[in-house]
Amino acid sequence: MLSFPAAIKVYLCTVPCDMRRSFDGLSMLAEHVIQCNPFSGHLLVYCNRRSDRVKILYWDRDGWAIWYKRLEVGTFQFPFAETGRKELAAWELAVLLEGIDLSQGKRRKRYTLPAAMQPETAEKADGEM
């Protein structure tokens, strides 16, 4: 079982991926499909069309790291779409990897910071001044 810090961002590639891709191919998908900086240190999650394999790519201070899992039986409940990404919380990734279907559950309403107060948005605004 993997454990993730709560502050880490998880980006799910919603396009099925060729699992023969390695560091360079997956980082290219991060830039062009997920549209995020692959060197950010956040987790980039990819799944194959059959949904029985998953790769997680991340930049670890001085190099790339890949975590890879192949299921012997069953599939991951992966939200495929035509293009793009889906952002998950760290706990949602852990639940997805454990085989629990998130679409069957209902999330209760919670408070979120307005866009202007988000840490990433505030950093960008400071850099433009």
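Position 1 is the first residue of the sequence; numbering continues from there.
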Inset, instruction - For side-chain contact (heavy atoms from CB on, under 4.5 Å), just list the numbers for Tyr46 and Ile66, CA-CA rounded to whole Å, side-chain angles, deciding distance to a tenth of an Å, and then say yes or no. - result: CA-CA 11 Å; Tyr46 305 91; Ile66 290 181; over 6 Å; no
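- Under the 4.5 Å side-chain criterion, counting only non-hydrogen atoms from C-beta, Ser22 is not in contact with Trp64.
- Distance alone, capped at 3.5 Å, is enough to place a donor-acceptor pair between the Lys55 side chain and the Arg21 backbone.
- Closest heavy-atom contact between Ala30 and Pro38: CB-CB, 3.9 Å.
- Every side-chain contact (heavy atoms from CB on, under 4.5 Å) that Ser51 has, sequence neighbours left out, goes to Cys47, Thr75, Phe78, Phe80.
- With rounding to the nearest 0.5 Å, the separation of SG in Cys13 from NZ in Lys86 is 13.5 Å.
- Remark: Leu71 CG to Leu97 CG distance equals 9.0 Å, nearest 0.5 Å.
- Considering only heavy atoms from C-beta on, Ile8 comes within 4.5 Å of His42 through its side chain.
- Around atom CG of Asp24, no more than 12 heavy atoms belonging to other residues, nucleotides or ligands sit under 6.0 Å away.
- The CZ atom of Arg61 sits 16.0 Å away from atom CZ of Phe39, with the distance rounded to the nearest 0.5 Å.
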Inset, instruction - Any chance you could lay out the side-chain contact (heavy atoms from CB on, under 4.5 Å) test for Thr14 and Arg85, step after step, and finish with the verdict? - result: CA-CA 5 Å; Thr14 59; Arg85 72 178 186 195; 5.5 Å; no
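- Judged by distance alone, the side chain of Asn48 and the main-chain N or O of Arg53 form a donor-acceptor pair under 3.5 Å.
- With rounding to the nearest 0.5 angstrom, the CG atom of Leu44 is 8.5 Å from the CG atom of Leu26.
- Between Gln35 and His32, the shortest heavy-atom contact is CG-O, 3.8 Å.
- Proximity of a side-chain donor or acceptor of Tyr11 to a complementary backbone N or O of Cys36 within less than 3.5 Å is not detected.
- With Trp67 as the partner, the side-chain contact (heavy atoms from CB on, under 4.5 Å) test is satisfied by one option alone out of Val54, Val45, Leu57: Val54.
- Shortest non-hydrogen contact noted between Leu29 and Cys17 is CD1-SG, 3.8 Å.
- Taking the ring centroids of Trp59 and Phe23, they lie at or beyond the 6.0 Å cut-off.
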Inset, instruction - Apply side-chain contact (heavy atoms from CB on, under 4.5 Å) to Ile56 and Leu93, showing your working. - result: CA-CA 10 Å; Ile56 301 174; Leu93 175 61; 4.1 Å; yes
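- Between atom NZ of residue Lys9 and atom CG of residue Leu88 there is a gap of 12.5 Å, rounded to the nearest 0.5 Å.
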